[in-house]
Protein chains: 2
Amino acid sequence: MTKATETGRGRLRATKARRRGATTPRGAAPSASAADPATAASLKLWITLARAYQSVAELARIDIGRHGLSVGEFAVLEALHSKGEMLLGDVQRKVLVSSGGITFLMNRLVKRGLVERRACAADGRARYAALTSKGAALMRSIFPGHARAIRSAMSGLSVAEQKTVTKALRRLGFAAAALAAGHPTCREGIGGD
Amino acid sequence: MTKATETGRGRLRATKARRRGATTPRGAAPSASAADPATAASLKLWITLARAYQSVAELARIDIGRHGLSVGEFAVLEALHSKGEMLLGDVQRKVLVSSGGITFLMNRLVKRGLVERRACAADGRARYAALTSKGAALMRSIFPGHARAIRSAMSGLSVAEQKTVTKALRRLGFAAAALAAGHPTCREGIGGD
DNA sequence: AATGAATACCTTAGTACTGAGATTGTAAAC
DNA sequence: GTTTACAATCTCAGTACTAAGGTATTCATT
């Protein structure tokens, strides 16, 4: 454990959950109403961003759930699918869960025979995560359909618009992540990409 | 985000960048790689949308947590703050939680004296949720600060850009929600706004 | 070597939810 | 005035996580 637990009093966790096998979207749906126009525009954007995310996430969840996977499980499989063998810590950072969370997800996937842990010769503390041949076959069979599902989820915008929005959201995300990084309520070891 | 630890055998420890803090709450970080350009653009947008949402949500979570509230609790308070007394089912749909979830959140808030349940004269099955005076005072005191936090979270974009992105995301969200609605895996009674 | 700090992962307890079904109440059709 | 259907909320068991702490291992100093 790094960090010195300087949170004074409050226990307050604010977690979010996801369910296995295609379940629900999530959410804290924000709302708006502010005095000055700039703040109003930001609040409105926040609502819209949250709703858009949740709608797309719901579609992704449905699609992934069809194959009996949770979103977190799929994220791990996909990371390993696209990058090959990875250290658990790297998978954790890519998938954005806590250290306990990656252990949990790995255990489930190992139990189903989709991934395996491999020793790391260079560092005895570390483990690699890798797809088994069964896991690799699964990803090859479901990834193209998933990509099509995402594409149709984004069909409200033209490809050119998608590129424009992507650029803007990237700047927005970086700025927000930089702000969050400066704040006290830090978490285990999760970073952006 | 600590990212050294190369896969190769010579694991130099190269002291990476110092802890970047907390970037994101949770979530399934998607990734990309597709054959045709349209699908690739959609996957890329999905990643970026998810990261941007998660970064802003993390900031919101930090800000809300400062006052000892979870995101779900704040969402309920805010709904009642902006719309006044509401039927529980309406709060549920606005906040996007399950029926069990709204009961859970209400119980917590009632226990803290921030909201109360009121009978509905017209329909004996239904209950209203409403802020107590303590809850209303709390919201008056923390909402402006929260709005400022959201505004600064969005500071990566100019106000004009925010409006453009809002419009695009609204279309995207509607299209995705319409698609999700047509799918089999629906939920209890949650609709868009 | 021996020590100490830092790291990678795992374990455990706790949390904020979900989903199915029970309960109570309303509305419609007989 | 019963059924019959259906709606709003609550109950409860289960789930996917988080945070904090633990263990083994490595690196840097001594």
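A, B, ... follow the sequence lines: proteins, then strands. Residue 1 opens every chain.
For B:Arg148, the CZ atom counts as loosely surrounded, since its 6.0 Å shell holds 12 or fewer non-hydrogen atoms of other residues, nucleotides or ligands.
Every salt bridge (Lys or Arg N to Asp or Glu O under 4.0 Å) that A:Arg118 has, sequence neighbours left out, goes to A:Glu85, A:Glu116. Listed by chain and residue number, B:Glu161 satisfy the side chain to side chain donor-acceptor pair (under 3.5 Å) test with A:Arg171 (two or more places apart in sequence, or in another chain). B:Arg151 meets the salt bridge (Lys or Arg N to Asp or Glu O under 4.0 Å) test with A:Asp36; sequence neighbours excluded. Shown here are the ring-ring contact (aromatic ring centres under 6.0 Å, His included) partners of A:His146, two or more places apart in sequence or in another chain: A:Phe74.
In this structure, CZ of B:Phe104 is placed 15 Å from P of D:dC12, rounded to the nearest angstrom. Rounded to whole angstrom, the span from the CG atom of A:Leu87 across to the C1' atom of D:dT25 amounts to 14 Å. Atom CD of B:Glu58 and atom C1' of D:dT18 are 12 Å apart (whole Å). Atom CZ in A:Arg61 sits roughly 18 Å away from atom P in D:dT15 (whole-Å rounding). Spacing between atom CG of A:Asn107 and atom C1' of D:dT15 amounts to 15 Å, rounded to whole angstrom units. When rounded to the nearest whole Å, the span between NZ of B:Lys111 and P of C:dT15 equals 11 Å. Distance, A:Leu109 CG to D:dA16 P: 11 Å, rounded to whole Å. Atom CD1 of B:Ile102 is separated from atom C1' of D:dT11 by 16 Å (rounded to the nearest Å).
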Show me the protein contacts with nucleotides 5-7 of chain D, counting only N or O atoms at under 3.5 Å.
| from | atom 1 | to | atom 2 | distance (Å) |
| --- | --- | --- | --- | --- |
| D:dA7 | O4' | B:Arg125 | NH1 | 3.1 |
| D:dA7 | N3 | B:Arg125 | NH1 | 3.1 |

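Nucleic acid contact for A:Gly89: sugar-phosphate only, since backbone atoms but no base atoms lie under 4.0 Å from a heavy atom of the residue. If you check every strand for non-hydrogen atoms under 4.0 Å, A:Gly101 touches a base. At the heavy-atom level, B:Leu105 lies under 4.0 Å from the strands shown only through sugar-phosphate atoms.
A donor-acceptor pair under 3.5 Å is absent between the side-chain atoms of A:Glu73 and the main chain of A:Arg108, judged by distance alone.
Side-chain nitrogen and oxygen atoms of A:Arg117 include at least one within less than 4.0 Å of the OP1 or OP2 phosphate oxygen of C:dC10. Using a 4.0 Å cut-off, no side-chain N or O of A:Arg127 falls inside it from OP1 or OP2 of C:dA8.
For B:Leu88, taking side-chain heavy atoms from C-beta onward, the closest of the listed nucleotides D:dC10, D:dT18, D:dA20 is D:dC10. Of the candidate nucleotides D:dC10, D:dT25, C:dT11, D:dC10 has the atom lying nearest to any side-chain atom of B:Thr103. Closest approach to the B:Ser98 side chain among D:dA19, C:dG21, C:dT18 is made by C:dT18 (side chain taken as heavy atoms from C-beta onward). Considering only the side chain of B:Ala126, D:dT9 comes nearest among D:dT9, D:dA16, C:dA8.
Each of A:Ala121 and B:Tyr128 has a nearest nucleotide on DNA chain D; the 5'-most of these lies closest to B:Tyr128.
Screening residues 125-141 of chain B for side chain to side chain donor-acceptor pair (under 3.5 Å) gives B:Asp123-B:Arg125 as the qualifying pairs, with residues at least two apart or on separate chains.
Linking ILVMFWY side-chain heavy atoms closer than 4.5 Å, directly or via other members, places B:Leu179 and A:Val159 in two distinct hydrophobic clusters.
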